[in-house]
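All figures in this text were calculated on a predicted structure; none of them were measured in a lab.
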Amino acid sequence: MSKYDIIVLGSGPGGYVTAIRASQLGFKTAVIEKESLGGVCLNWGCIPTKALLKSAQVFEYLKHANDYGLVVKDYDKDFDAVVNRSRNVAEGMSKGVQFLMKKNKIDVINGFGKLKPGKKVDVDGKEYSADHIIVATGARSRELPNLPQDGEKVIGYRQAMTLKKQPKKMIVVGSGAIGVEFAYFYNAMGTEVTIVEYLPNIVPVEDIDVSKQLEKSFKKSGIKIMTSAEVTHVDTSGDGVKATVKTKKGEEVLEADIVLSAVGIKTNIEGIGLEDVGIAVDRDKILVNDYYQTNIPGYYAIGDVTPGQALAHVASAEGILCVEKIAGQHVEALDYGNIPGCTYASPEIASVGLTEKQAKDKGLDIKVGKFPFSASGKASAAGTKDGFVKVIFDAKYGEWLGCHMIGAGVTDMIAEAVLGRKLETTGHEVLKAVHPHPTMSEAVMEAVADAYDEVIHL
């Protein structure tokens, strides 16, 4: 039996980052992976979807070349080539993780790992042991009882990334990050897209102003949106799909080539031996403390399988914190109130902290500032004037309670707010930090200035 200090079950952005940090700390480490290194994020999620979205963005630039004083007379798309480029990007990233495993002297064990009592893992009949075993098995597309996925006409995100033929019509059920990103991609490529959202607003976890702006931008680009609506039945017996949608006005039948189910995720905890070891679970989440220890000593869990936000950067942060605690370092529990969320449609969305409604519901006296990109010189020059930056501050103490952005490149801007909040900066300190001109990031300073009635460019 092979013996390790740490075994990590799963090699996504939680698992492989955890393994690398463990190796850096001097632990003899192994990773168990049943598919490709990098997990869903690198192979089927974060990275290849961004490649698809970039192709869609470039295609849109070609469509609007005249807006930039350019004449492009002949252009077209090759859907297969777009998909292949995305897969090549994913393959390259997975190879990059392979290199990192070798560089950090981490053993990669291919196969399906199942936890055993006594700090052991069975991988397809072969047993391994470790002082510490960390579960990082991630999640998959969740299926609704009334929307079963057949992988052909009713699909999840994996199939949406590798379709052999571009559909003429698509229904996207759910308008979280996955739903709106694919809605944008397929619409930009020429598919007729309808979004069906159960709640009253699309991207429902976002600040209401962001939701309204995205709906406005999407409708302008031709995406149809149905909110407070539910798909109650799908008929796949014909050539396409007929989806029965229940709305406040009654039932409506939509016809499409494909229905994409983007209604959230389901954790991968079945069959991995949790019951055999006695690890406590609440519904489909493994229960852990602030340092990701389960109720059974020597067993840990991080990432999507735990109750925190199901985001790649959260999984990475949790894994690093977990192994640093194992190593005896002094670590602080992760602040889940300062985790940024990003959606990479066009316009992009990025947010951190409280929404305006959440702040008011807490009974806080707040200052709210907002700066539209229509007033930004850089946005005007780039032709990307849709969107804004919105900030929320505590009126009494100046604490930066929340920041919400929608527009071009905002996923690269949100880190300013995350760092500022981490360092407990105040609105006045943000104002006195000179921002470069002309940049999109100036909108953060201007939004703060608006909150304190000092805005210059509005």
Side-chain angles (χ1 to χ4, degrees), residues 40 44-45 49 52-53 56 79 82-83 139-206 211-212 214-266 284 310 343-346 349:
V40 167
W44 298 101
T49 53
L52 293 176
L53 293 168
F79 188 75
V82 168
V83 171
R140 62 188 184 275
S141 178
R142 183 162 67 95
E143 290 194 49
L144 295 178
N146 57 333
L147 200 60
Q149 297 177 22
D150 60 13
E152 295 181 5
K153 293 182 181 179
V154 182
I155 62 174
Y157 61 82
R158 281 204 182 200
Q159 292 85 11
M161 298 183 60
T162 55
L163 289 179
K164 300 297 183 186
K165 181 181 177 184
Q166 182 184 349
K168 292 181 179 178
K169 291 185 178 181
M170 173 182 278
I171 299 166
V172 178
V173 182
S175 69
I178 294 173
V180 298
E181 286 180 10
F182 277 116
Y184 163 70
F185 168 71
Y186 277 101
N187 174 72
M189 299 300 285
T191 297
E192 186 180 313
V193 176
T194 301
I195 295 175
V196 179
E197 171 54 54
Y198 181 75
L199 294 171
N201 300 97
I202 61 172
V203 286
V205 301
E206 301 293 343
S211 297
K212 289 178 178 177
L214 185 65
E215 183 167 341
K216 180 181 175 183
S217 296
F218 268 16
K219 285 181 175 178
K220 187 168 69 174
S221 67
I223 296 173
K224 298 175 184 176
I225 295 173
M226 301 174 71
T227 51
S228 299
E230 178 185 8
V231 174
T232 57
H233 177 71
V234 287
D235 179 3
T236 59
S237 60
D239 290 337
V241 183
K242 292 182 179 179
T244 302
V245 182
K246 181 182 177 182
T247 69
K248 289 181 178 179
K249 297 179 182 179
E251 285 192 343
E252 185 176 341
V253 177
L254 304 180
E255 295 188 14
D257 302 306
I258 281 178
V259 172
L260 168 59
S261 178
V263 291
I265 58 171
K266 174 80 173 66
D284 71 336
T343 301
Y344 299 84
S346 186
I349 296 171

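Other residues, nucleotides and ligands contribute over 12 non-hydrogen atoms within 6.0 Å of the NZ atom of Lys266. Residue Phe79 places its CZ atom among more than 12 non-hydrogen atoms of other residues, nucleotides or ligands, all under 6.0 Å distant.
Nearest heavy atoms, Asn187 versus Gly222: OD1-C, 4.0 Å. Across Ile265 and Ala139, no two heavy atoms sit closer than the pair CD1-CB, 3.6 Å. Counting all heavy atoms, side chain and backbone alike, Ala183 lies closest to Ile195 at CB-CD1, 3.7 Å. Here the closest non-hydrogen pair linking Val180 and Ala345 is O-CB, 3.8 Å. Between Val263 and Arg142, the shortest heavy-atom contact is O-NH2, 2.7 Å. Nearest approach of Gln149 to Glu143, heavy atoms of both residues: N-OE1, 2.9 Å.
Contact annotation: the side chain of Pro200 never approaches that of Thr227 to less than 4.5 Å [non-hydrogen atoms, C-beta and beyond]. The side-chain heavy atoms of Thr236 and Glu152, taken from C-beta on, include no pair separated by under 4.5 Å. Using a 4.5 Å heavy-atom threshold, the side chains of Val234 and Leu147 count as touching. Annotation: side chain of Ile258 is in contact with side chain of Leu163 (closest heavy-atom distance under 4.5 Å). Contact annotation: the side chain of Val40 approaches that of Arg158 to within less than 4.5 Å [non-hydrogen atoms, C-beta and beyond]. With contacts defined as side-chain heavy-atom distances shorter than 4.5 Å, the pair Thr49/Tyr157 does not qualify. Side-chain contact between Glu197 and Ile225 is absent, with no heavy atoms from C-beta onward closer than 4.5 Å. Residues Val231 and Val259 have side chains not in contact (no heavy-atom distance under 4.5 Å, counting atoms from C-beta outward).
The line from OH of Tyr198 to NZ of Lys246 is 8.0 Å long, rounded to the nearest 0.5 Å. With rounding to the nearest 0.5 angstrom, the CG atom of Leu254 is 6.0 Å from the OG1 atom of Thr194. Within the model, atoms CD of Gln159 and OG of Ser261 stand 10.5 Å from one another, a figure rounded to the nearest 0.5 Å. Summarising the geometry, atom CD belonging to Glu230 is positioned 10.0 Å from atom CD belonging to Glu251; distances are rounded to the nearest 0.5 Å. Between Thr232 atom OG1 and Asn146 atom CG the span is 7.0 Å, to the nearest 0.5 Å. Remark: Met189 CE to Leu52 CG distance equals 8.5 Å, nearest 0.5 Å.
Within the 3.5 Å criterion, the main-chain N or O of Val203 finds a donor-acceptor partner in the side chain of Ser211. Side-chain atoms of Asp257 do not come within 3.5 Å of backbone N or O of Gly240 as any donor-acceptor pair. Under the 3.5 Å distance criterion, the side-chain polar atoms of Tyr186 are left unmatched by any main-chain donor or acceptor of Pro167.
Side chains of Gln166 and Thr191: a donor-acceptor N/O pair is present below 3.5 angstrom, by distance only.
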Item to check | Steps toward side chain to side chain contact (heavy atoms under 4.5 Å, CB included) verdict (Tyr184, Phe218) | outcome: CA-CA 8 Å; Tyr184 163 70; Phe218 268 16; 4.1 Å; yes

Item to check | Stepwise side chain to side chain contact (heavy atoms under 4.5 Å, CB included) test for Ile178 and Phe182 | outcome: CA-CA 6 Å; Ile178 294 173; Phe182 277 116; 3.8 Å; yes

